[in-house]
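In what follows, chains carry the letters A, B, and so on, assigned in the order in which the sequence lines appear, proteins first and then strands, with residues in each chain numbered from 1. Just so you know, these numbers use all the heavy atoms, side chains as well, and skip hydrogens, waters and symmetry mates. The structure displayed is predicted, hence computed values, not measured ones.
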2 protein chains.
Amino acid sequence: MRPRAAKQRAVTIRDVAAAAQLSVTAVSRHFNNRIALPVETVARIEAAASALGYRPNVAARRLSLGSSESLGFVLSDIAHPFFSAIASAAEAECARLGYSLLVFSSRNIIENEIAALRRIESAQVDGILFMTNHSNASEIAETINRVRNVVLLDEDAPDAEAPRIYARNREGGRLATEHLLAAGHRRIAFVGGQEGLISSSERMAGYREALETRGIPVDPALMLLAGYNSEDGEAAFAALDLLDEPPTAIFAAADMVALGILRSARGAGLSVPEDLSLVGFDDIPNADVIGPPLTTIRQSAEAFAVRGVQMLVSLLNGELTQDVVEYVDVELVKRSSVTQPRQRRHWRSAPRGASPKPKTAAKANRTQKRGNDNE
Amino acid sequence: MRPRAAKQRAVTIRDVAAAAQLSVTAVSRHFNNRIALPVETVARIEAAASALGYRPNVAARRLSLGSSESLGFVLSDIAHPFFSAIASAAEAECARLGYSLLVFSSRNIIENEIAALRRIESAQVDGILFMTNHSNASEIAETINRVRNVVLLDEDAPDAEAPRIYARNREGGRLATEHLLAAGHRRIAFVGGQEGLISSSERMAGYREALETRGIPVDPALMLLAGYNSEDGEAAFAALDLLDEPPTAIFAAADMVALGILRSARGAGLSVPEDLSLVGFDDIPNADVIGPPLTTIRQSAEAFAVRGVQMLVSLLNGELTQDVVEYVDVELVKRSSVTQPRQRRHWRSAPRGASPKPKTAAKANRTQKRGNDNE
DNA sequence: TTGTAAGCGTTATCAT
DNA sequence: ATGATAACGCTTACAA
C-alpha cells in the first residue's frame, strides 16, 4: 500500500495541522481561501508551517484541484534566438501570473508536436502555447481541437479552433521589399520558410505586392522556400549562386536565414552589402552587431509572449473564445546590410571562383536541406 | 467533496478497466510493469484505452509514485544565447530520458533562485540543474543542502553539497590571454563577471598566469568586474575608455560582454580589431558571423547540458555522490577579432572625440551596472 | 468559526 | 494470473 517510500518523508499539511493543534481544513484554508481566519489561528498556522518548513505538495493540489497551474510552450528549438526571446518573455509572464512553464522542443518533428499537445490530456499542463512548422498537417488541427486550451503563436494550423497571434507578415514582407526597391534593387530574391507555412507565404505575398506595385515582374527563379534556420540560408545561397543572373539583394524571411546567407556569401568571397544587400525578419537579439549590422523587420518577441500567455490564461478561465485573432506589429529597422546595387557582377566571378560553368537554375523552388555544398 | 468539476471529465484508468472488463490493476500493470500479461488481456486493454483515448493522469501518478519525472533548470535568463543553447540540449537529454524540463528564469534575483530550488520541496520537480550568479550567498548553499537533488552548473556555491560541472575556466583564461600576447599585445584588459563568481575569478587567474609567465606586470586598472551581459560590456568599455593608457586588447570573460564592448567600440568610432583586439568566452551561436567574427574560448553547451542531466538523474537514483566534480573542456577558436596592436593611440582621440579631458582611472575595479554613458 | 471525511487517479500490497 | 483496496497529500462539501 505504501508506495516506494520517498527518500525522506516530506512534511504534509497534516503535520502542520497537528503542530498547530488545528484541523487540516484550517491549514488548507489559510493557504488558499480568502476566508478570514482569526488572527490567532493564522499565527499558529504560520508558526507551525515555517517551523516545519512546509511546502504544499503540488501533485496533490493538482489532483484535487484538477489544474496544474503550469503551461506548456511548444517550439521547434529553444536555442533559436528569436524563439528563446519569446520563451524568456513567456516564462516571465507566466511567473507573474503564478504559472510555471514547461518547454517542449519539437525539433520540427510532427510526432513530437502532437505528443506535446497531448500533455494537456494527461493533465501535465493546463494549456499550451503552440508554434508549429507543420501548419498543413491535419493531425495537428485534430489534436488541438480535441485537447483544447491551445493558443497558436506565429503560425497557423488551418481548421484548428484556437485563438491565434500572428505578426503582420504581409506588411513586413512589403516593407522589406520596398526598402530594397528604394535602394535601387530590381533583382531581389525571396527566401522563405518551408513550404506551406503561412508566415512564409504571407511574407512572400508582401514581397510580390511591393514588386508588382512598382511594375517589376516577379521571377519565380528568385523565390525559394527553404526553412527558418541558418543552414537553410546556406542552401538558398547555393541555389541562388547557380543562377545566370543572380539577385543583387535578398529578402530572407527570418534573420537566421539571413545569417546563413551571410555566412555563405562571405565564404564565397562576396561582401555584404557591397556585393549583395540583405534584409532579414525578426530582429533577433544582437542583430545590430552582426557584420554588417543586419537590416531587418522587427517583430516583438515580447508581444508574442505576453499576449500569448495572457490569451491562454483567459482561455482557461473561459474569458476568451477560440476565434480571437491578434496581430503583432512589425517595423523596418534600417542598419547596414543594404546599399544600392553595384554594377552587376556574377557572384561566381568573385575573387576565388575563376571560371564557373554557367548553368540554368532548373527548379530553384526547392532547395536541399543541408547546404554544405556552397563554395 | 467533488472539487470544482474539470470542464470535461477525462477518461480514467477506471473507465478503461470497465471497458476492457478488467480490473484497474491490470490496466495499471499494463502501462507500467513489465509483468507479462496474457496477450489476450493486453489486446483488450489496448483496444479499450485507444478507443477511449486514455492518457494516464500525471498528477495522480506523481502523487502515488512520489516522483514527478520532471526536472528544473534554473538560470538567469533563457534569452542569453549561451544559456539557451544549454537549455536546448538539456531539454533534449531530458526528453531522451523520459523527463520533462521546467525552466525557471531567476533574472539574477537571489530570491527567485531560492524559490525555484524550493520547488523540489513542493514535489514539482525531482531535481534541479542550477546556474547561479550568487555563488557567495550562503542562503543558497543552505537551501541546496536542504532540498538536495541539485547539480551545480558552471558556477560554484561554496559549502553546497552537490555534484558540479565546471568549465576549465583557468585554462580558458590562459589560452585567451596567451593568444593576445602572441599577437603582440602587452596592455590587455580583463573584463569579468560580477564579483565573487568563481567562473570569473578563475578566468582571471588564467589571465594573470599568462601575463606573469611572460613577465608582464598585471595592472589592476585593467581588470574589471562587471557582469555577463552585454550592458556590462558597454559599461566596461566606458570605464576603460577613461584610462590614460587604454588597453590595446580586451579579454572578455563572456561573449555577450565582448559583444557589448564591440557595440560601444563601434559607437566610439573604433574598429575591431584594428584599434582594439577582442577575445570572448563561450563561443555563443553565431559568434562566427559577428562583425568581426569573434575569437573566443569555446566551451560546449551540450557537454554542460547532457552531463548535467545525466548526473542529476544518477543522483536521483542514488548512483552518484554529492562530491563529484566534472570538467568541460575549453578550446581557443581563432577568428578575426584579434590582430597585432597598432601604434598606440588613445581611443578618445578616435575620429569623433576631439580633445578629451585626461583623467586618471580612479577605482576602475567596479563599473556601474548600466552603461548608457559610453560615448 | 472549526472539523470530519470523501474523493481526485494512480500505484502497489496483499489476498485470491 | 488477477483483483480489491489502501495509501499518496490535498481541497472542500457538509456537519457540528
Side-chain angles (χ1 to χ4, degrees), chain A residues 1-45 49 52-69 119-124 126, chain B residues 1-45 49 52-69 121-124 126:
Chain A
M1 57 196 48
R2 148 95 31 79
R4 173 179 1 128
K7 26 233 83 178
Q8 193 183 300
R9 268 250 321 135
V11 4
T12 76
I13 197 173
R14 236 168 313 251
D15 300 326
V16 177
Q21 314 239 58
L22 284 164
S23 70
V24 295
T25 312
V27 181
S28 176
R29 286 213 257 257
H30 172 62
F31 282 108
N32 303 289
N33 253 327
R34 58 219 78 265
I35 292 179
L37 290 312
V39 268
E40 204 256 330
T41 307
V42 171
R44 290 232 302 280
I45 296 176
L52 273 50
Y54 171 66
R55 295 269 95 185
N57 179 305
V58 303
R61 289 201 70 192
R62 288 175 183 193
L63 189 54
S64 185
L65 251 21
S67 121
S68 67
E69 285 162 305
R119 289 171 191 257
I120 290 178
E121 293 180 310
S122 57
Q124 185 168 14
D126 293 344
Chain B
M1 61 197 48
R2 150 90 32 78
R4 174 183 355 132
K7 25 233 81 177
Q8 191 182 301
R9 269 247 323 135
V11 4
T12 76
I13 196 174
R14 238 173 305 258
D15 300 325
V16 177
Q21 314 239 58
L22 285 164
S23 70
V24 294
T25 311
V27 180
S28 176
R29 283 213 260 258
H30 172 62
F31 282 107
N32 302 289
N33 254 326
R34 56 221 75 266
I35 291 180
L37 290 313
V39 267
E40 203 257 331
T41 308
V42 170
R44 291 230 303 280
I45 296 176
L52 272 51
Y54 171 66
R55 293 268 95 186
N57 179 306
V58 302
R61 289 201 73 201
R62 288 176 182 193
L63 189 54
S64 185
L65 253 20
S67 121
S68 67
E69 287 163 303
E121 293 179 311
S122 57
Q124 186 168 14
D126 293 344

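- Phosphate contact (OP1/OP2 of dA1(D), side-chain N/O of Thr41(B), threshold under 4.0 Å): absent.
- The two residues Val11(B) and Val16(B) come nearest to each other via the heavy atoms CG2-CG2, 4.3 Å.
- Mapped onto DNA chain D by nearest heavy atom, Ala60(B) and Arg44(B) fall at different nucleotides, with Arg44(B) at the one closer to the 5' end.
- If you check dT4(C), dC10(D), dT10(C) against the side chain of Arg61(B), the one that comes closest is dT10(C).
- For the side chain to side chain contact (heavy atoms under 4.5 Å, CB included) with Ser68(A), the qualifying choice from Arg62(A), Arg119(A), Gln124(A) is Arg62(A), the only one to do so.
- An OP1 or OP2 oxygen of dC10(D) is reached within less than 4.0 angstrom by no side-chain nitrogen or oxygen of Ser28(A).
- At the heavy-atom level, Tyr54(A) lies under 4.0 Å from the strands shown only through sugar-phosphate atoms.
- Under the 4.5 Å side-chain criterion, counting only non-hydrogen atoms from C-beta, Arg61(A) is in contact with Asn32(A).
- Summarising the geometry, the separation between CD on Gln124(B) and P on dC10(D) is reported as 14 Å, rounded to the nearest angstrom.
- When distances are taken from the side chain of Arg29(A) to each of dT2(C), dG9(D), dT10(C), the shortest belongs to dT2(C).
- Computed from coordinates, the Glu69(B) CD to dT10(C) P distance equals 14 Å when rounded to whole Å.
- In this structure the side chain of Val42(A) never reaches within 4.5 angstrom of the side chain of Ile45(A), judged on heavy atoms.
- For Ile13(B) and dC8(C), the CD1 to P distance is 14 Å, given to the nearest whole Å.
- In this structure, Gln21(A) atom CD and dG3(C) atom C1' are separated by 14 Å, rounded to whole Å.
- Along DNA chain C, the nucleotide closest to Leu22(A) and the one closest to Arg14(A) are compared, and the more 5′ of them pairs with Leu22(A).
- Contacts of Arg62(B) with the nucleic acid, taken as non-hydrogen atoms under 4.0 Å apart, are absent.
- One can place CG of Asn57(B) at 13 Å from C1' of dC8(D), the figure rounded to the nearest angstrom.
- Residue-level contact check: Val58(A) touches neither bases nor backbone, having no heavy atom under 4.0 Å from any strand.
- Between the two ends of the helix from dT1(C)-dA16(D) to dT16(C)-dA1(D), each summarised by a five-pair axis, the helix axis turns through 40° (rounded to 10 degrees).
- Nucleotide dA12(C) holds its P atom 7 Å from the CG atom of Asn32(B), rounded to whole Å.
- Checking the phosphate oxygens (OP1, OP2) of dG3(C), a side-chain nitrogen or oxygen of Ser23(A) falls inside 4.0 Å.
- Under the side chain to side chain donor-acceptor pair (under 3.5 Å) criterion, the residue pairs touching residues 36-45 of chain B are Glu40(B)-Arg44(B), with sequence neighbours excluded.
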